[in-house]
Structures are given as C-alpha cells and as structure tokens.
Amino acid sequence: MPDRDKQEIERLRREIRRHDVLYYSLDRPEISDREYDRLMKSLKELESRHAEWIVPDSPSQRVSGAVADKFPSVAHKSPMLSLDNVYTVEELREFHSRVLKNLGADKEVEYVVELKIDGLGVALTYEDGAFARGATRGDGKSGEDVTANLKTIRSIPLRLSADEDGIRALEARGEVYMDRKEFVALNEKRIAAGETPFANPRNAAAGSVRLLDPSITASRRLNIFVYAVGGMEPMPCKTHYEILQKLKSLGFRANPQAALCRNFDEVLRMVEKWRDKRRSLSYDVDGLVVKVNSLRFQEELGSTAKHPRWAVAYKYETEKALTEVLDIVCQVGRTGSITPVAVLRPVQVSGSTVGRATLHNEDEIRRKDIRVGDAVEIEKAGEVIPKVVRVVESPGKKRRPPFAMPENCPECGTPIYRAEGEAAWRCVNSSCPAQLKERLLHFASRNAMDIDHLGTAVVDQLVDKKTVADFSGLYSLTLEGLVSLERLAEKSGQNLLDAIARSKTAGFARLLFALGIRHVGQRAASVLARTFHSMGRLMDAGFEELEAVHEIGPAIAESLTAYFSRQTNRDEIRRLHEVGVVMAEERKGGTGRLQGKQFVLTGALEKYSRDEAKEKIQSLGGRVTSTVSNKTDYVVAGADPGSKLDKAKKLGVKILSESEFEDIVKG
Ligand code: IVH
C-alpha cells in the first residue's frame, strides 16, 4: 500500500520532529526514550522499503553523507560581525553612554543580556522551511560548509516548526558548544587511546564541527544555543527579545537565561549575578553579551566595519596564577595507566586552592618542556580542571634536566610499558596495589556505590595490609578489623560499616558504573540497566544485542563482552552477589528517601541536566514521569517552564524551585 506508507512516513516524521523539539530544544520531553526509539525504528523501516522517498531533512537522516575531503567555502548573506569586548564595568558604562548619545536619547534604553557561550559561531540557513546549509563563521564574510556535521546536532531542527507568522526562510545564528562533563569524558577517552587531549571545551567543539567524517561528529554530543538571526522572512519582530522567543517557537534551542533589562542598572545586576554563578553552569561561559533590545534602535546605531554599535561583550577574566613546580610524580590509575602529575606550590585559582595539576602524558610534558623547579602559569580548563598553561621563563636561572618517565611502576616495581601508538605508559600487573586502590576508590565514589567515609587513608591501609583484595572484600569487613587501622575510631568504623551495608542496595546502574568497565560511564550504565534490568541478562547478551541498544556503540559493546568473558570478573560478580549486593534494576525494600514519590520535571535547571536530575531522583527511589496528574507528588520547575507548571497549579500539586529540589535530594 504505497500510498498509505507515504502518509505513514509523513506522520512519523512530523511526530518525531515534534518530539525532537520538545526533548532537545525545549528540554520538555513528553514521551520516554523507548517510545521515541520505536517511532524512529518504524520510520527507518518504512524508508528502507521506499528509498525513493528519503529526503535529506527526514529525522532519520541526521548522520549521513560521506566523509569529505575538505569543506567548501560559503559566503554569508550578511556579514557575521564579531563583538567588541569590554573588561570592566567602567568600559561597559562607556558603551551605554555611547548608545544613548548616538540615539540622542537621554534616559533609558532596554537591553537584553545573554550568556556569552564559549564555543563556535555558526549560521544555519533554512529555505522553504527546511535546513539547507550550515556554515562556520570563518572570517565573517565566508565560512566553511559544515552542513553534514551540524545535522548530527539534535537540537538543530531539520525543519522549522509551523508558526503563525508563516516563516519559511531564515538564517539562525548561534554557538555550538560542548558540555564540560562531555569534554572531560572525551579527553579521558583520548588520553586512554593515546591521542592528544583538547585544551578546553571550545577547542573540542570547534574540532568536532570541523571533522571530515560526520559519524564521528555525531558521537561527540555537541549542542547549540541560538542567539540571533541573519535574516528572516517575513520579519514579524520588533525587538531582539521577540526574536529569541520566535526562534524558540520555530523549534530552536535558545538559552533560558537571556534576560530582558528595562534599564542599565538591571544590566549591571546581571553582570554581578553571573560573575561567580557562571561556574555552576554545565558549559563554559566567558562573559555576557549586552544587546540593545529595539530592532529600530539597532538599525539606527548600525555597525563599524567589524562590530555592531548596539551590542558589546562583557568578558569575565579567566583567572590565571603563577606558581612553581615542586615535583613531578607519577600516578597509577585504575587501569594501570601512569599519569605524570605536577606537584605545585599551592595557589588560589577561580575560587579554590590548586596544589596539583595533571600533565597528561610524557609527550605533553615534552611539548611544553615542563621541569621540576620551573615557574609556571596555571588556569582551570573548563573552569574545573587545573592545568599548566606554560612555563614562564626566568632568565639567568639554571634549569633542572628534562623530566624522564620512571622505568618501573612507582607502586609495585613492575617494568612499565608503552604500546605503539599510545601516549600512556602502563603498569601491566593487574594485581598492582595502586590499581586496586584506585578501583576501590572509584567503586566507593559518590556517583558509584556512594560509600561515604571510604577515603584514601582507609583504602591505602586496607590494601597494604591485604585485608581487602577485591570489591567483595569490602562487604566482609568487621568493626574489629576496622578499628585496628590507624586513625579510625570506633564511631567512624561503625559509620563506614553502615555505609558499606547501605551500598548493597545502590542499584544495578550504579553497580555497573562502579565496576569500572572500560568505556562504561554513568550514562552507559544507566542505559544498560534500564534495558537489561539484571546482571544475569546483561551477562548473557552478546556483542550484537549490546550494540543494538540505542546509545551503546561498538566500543562499549566490545568492552563489555571482553569484561564478562574473563573468569576473574565473573567470579568477582558472583562473590558480590553472594554477599547480597543488589544486581537488578529495582531497589529492594524501599530504602530510598524518595521511595514511591512521583516527580515531573519542567523547564531548564541550572545545575542539573534533565538526565542528571532524573538519575538523582531515581537513585533515591523516586520515579520521573512526563505528564502531571493527580498521582504526581512534585513538579520541579526550572527556568522557562512549560504548560506542565500550569497543570500542576490547577491540580494543586506541590511545585519545587531548583533550590527546594536540591534541599530534598541532599536530604
Ligand atoms: S551575538 C553581531 N550572542 O561570540 C552580534 N554572540 O565575538 C553577533 N557568542 O561571533 C553575536 N554567545 O560566536 C552573540 N549570546 C551570544 C553569544 C555570542 C557567544 C559568540 C559568537 C560571536 C562571538 C562574538
């Protein structure tokens, strides 16, 4: 029935597009991942039967297109100007005075203040309602055609949502960026694979957009915030703020923190508000952008050759600090990789004291030529991870010889080994006590089994005294054994035992993450737990079954099969099971604080992504659903909440702000 198939294809595409916007752009999903996967599967099935009907803007065509040789250049319709920067409140005031003077105004002008996202500027062209072309900013006049790569970003609509103004042609401009967490995870992978890590999330995003193979871009989890239009037909907006709302209603993702300021004092308040708060965001923000709201005023003000006169970037300082390398030591990770770390004279940077910084690997040290005794400049990459930027020359000072890797594992003495093509040296002794210590610390960490009080001091002693030789060993510890350790009083010993006992019901997802299987991070662990429900079923799944799971790629599937094929690992899992560690999805006995409570999330939270908030609630025994009903216990409302908030009000459901939500999850 070709006709019916065609209608069904169209229906599925519409449906999927609508859910893409709800999920990726508005952060307001209405259906579960599983239901979404089912829609996509049906669409792909029908399309495979009618290849002639596949169109490039079908939601099934996000990752397509061949590997390119290089990117063609595209001229921008109107130049992509950059912004003039100011660094002090004084300079910002001068900008405001210039605006007033040029407009001949003597009182107030409205501004929109936005976060300045630290990523890569792009222009997205839509023709006849469909995404036609995506380009980098380039030199402002022309950029590179990176359409195939941008299509892999789920929050970029491939087709504009229907809109009352009938907008069909448009150029949206925005910033492609990478979340800090994603950046850290990507770098860990790169280091493990012997590749050079990216210096910061911006470089990681830019590098990923400019890859010649779109399937690699697709794996990088990029995101976008749009913040301007290069043109729109028809143009129904009179202000910049209206443009942002319009972009949202067309299906784009605009930053929920954009604020309409009635006067300049309100602008200054935003500058202060975000000075420290920007560090708590999940992405890098290097400043604020202040824009005159009225489009008529914008036109009147015009631009210089380089910058608009109606907008300015207020840049926060990336704090740098000078210190000295006291030593370079080698740390053994839980997989045996040996990482050189600089021990620094402690200094304050971006709100905390830094005393150590990873130097990644031998090549990185050589490249920067970092030696013990050197004066160095440090900063925090992605505002979190301390890094040595460069050596500061000290003329006349005699330097120590270059750093050399040790020949043996600093912990167990086994000769260390560097595989061809890899950047890391490794200790290949799997019973190396340093590796065991790291594995235990990871097992106990907050996002894994969450065993409070099991820190380095205790783990070091337990391993050195051979009291604990594997994870299950933790569960046979006794109070007697614990108090015989140095600096562990009876009360703390009991606390630790209680925490260990509690961890038995941490749940399947946490356990999977805690085992430290290569490539199985928190996200993969929770997907696997949701799909397979129990360890037994997961262990039975073969490579193909694993790889078929949405979001589980071949690397994870391979690593899991390798892990479960080793007898020592199977034995360890059996022992954990014997001591009573829960290995199925449901928590036993309702120990979670939120047991039985039903949550609905709406709007954007500042400190948590959707998935993180969900995970948090589930880890405490609660449930997250997508629709508000009288069974709902709480609605958590972030910025820009949707219709769910109205429904909650109507039904009298308790509404929580982000900070109230935090209080609840933190107990
Ligand atoms: S508006 C004519 N808004 O910063 C004004 N830019 O140097 C066009 N950026 O090239 C830019 N966040 O890549 C604007 N909220 C924001 C932004 C933003 C980041 C980038 C953009 C631009 C550069 C300015």
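Counting convention: from 1, in listed order, for ligands and their atoms alike. Because only heavy atoms are used, hydrogens play no part in the values below, and waters and symmetry mates are left out as well, while side chains stay in.
Not a single N or O atom of Leu120, backbone or side chain, sits closer than 3.5 Å to an N or O atom of ligand 1. An N or O contact shorter than 3.5 Å is missing between Ser82 and ligand 1 by distance. For the pair Leu83 and ligand 1, the shortest N or O to N or O distance falls below 3.5 Å. Looking at ligand 1, you won't find any N or O of Val289 less than 3.5 Å from one of its N or O atoms. Below 3.5 Å of separation, one finds no N or O of Trp310 facing any N or O of ligand 1.
Distance from atom 13 (O) of ligand 1 to its nearest protein heavy atom, with residue and atom name: Glu175 OE1, 2.5 Å. Taking atom 22 (C) of ligand 1 as the reference point, the nearest protein heavy-atom neighbour is Tyr227 OH, 4.1 Å. When only non-hydrogen protein atoms are considered, atom 19 (C) of ligand 1 lies nearest to Ile117 O, 3.2 Å. At the top of the distance list for atom 8 (C) of ligand 1, counting protein heavy atoms only, stands Leu81 O, 4.1 Å.
If you look at Lys116 next to ligand 1, the close heavy atoms, those under 4.0 Å, come from the backbone and the side chain alike.
Minimum interatomic distance between Ser208 and Asn149 (heavy atoms only, all atoms of both residues): O-ND2, 4.3 Å.
With contacts defined as side-chain heavy-atom distances shorter than 4.5 Å, the pair Tyr177/Leu222 does not qualify.
By the 6.0 Å and 45° rule, Arg190 stacks over the aromatic ring of Phe198.
Using a 4.0 angstrom heavy-atom cutoff, Pro308 counts as in contact with ligand 1. Residue Asn255 places no heavy atom under 4.0 Å from ligand 1. For Lys291, the closest heavy-atom approach to ligand 1 falls below 4.0 Å.
For Lys77, the NZ atom counts as loosely surrounded, since its 6.0 Å shell holds 12 or fewer non-hydrogen atoms of other residues, nucleotides or ligands. A 6.0 Å sphere centred on CZ of Arg296 holds no more than 12 heavy atoms belonging to other residues, nucleotides or ligands. At most 12 non-hydrogen atoms from other residues, nucleotides or ligands lie less than 6.0 angstrom from NZ of Lys306.
Each of the following atoms of ligand 1 lies closer than 4.0 Å to a heavy atom of Glu114: 3 (N), 15 (N), 16 (C). For ligand 1, the atoms closer than 4.0 angstrom to any heavy atom of Gly121 are 13 (O). For ligand 1, the atoms sitting less than 4.0 Å from at least one non-hydrogen atom of Arg137 are 10 (O), numbered in the order shown with element in parentheses.
Ring-plane geometry between Tyr608 and Phe661 is classed as perpendicular, the angle between the planes exceeding 60 degrees on a 0 to 90 degree scale with a lower cut at 30. By the 30° and 60° cut-offs, the orientation of the rings of Phe95 relative to Tyr111 is tilted.
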### Task
Let me see the working for Asn263 and Glu108 under side-chain hydrogen bond (donor to acceptor under 3.5 Å, both in side chains), right down to the final yes or no.
CA-CA 6 Å; Asn263 53 49; Glu108 289 303 342; 5.2 Å; no

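When each of Glu114, Glu175, Lys291, His240 is tested with Tyr227 by the rule side-chain hydrogen bond (donor to acceptor under 3.5 Å, both in side chains), just one qualifies, namely Glu175.
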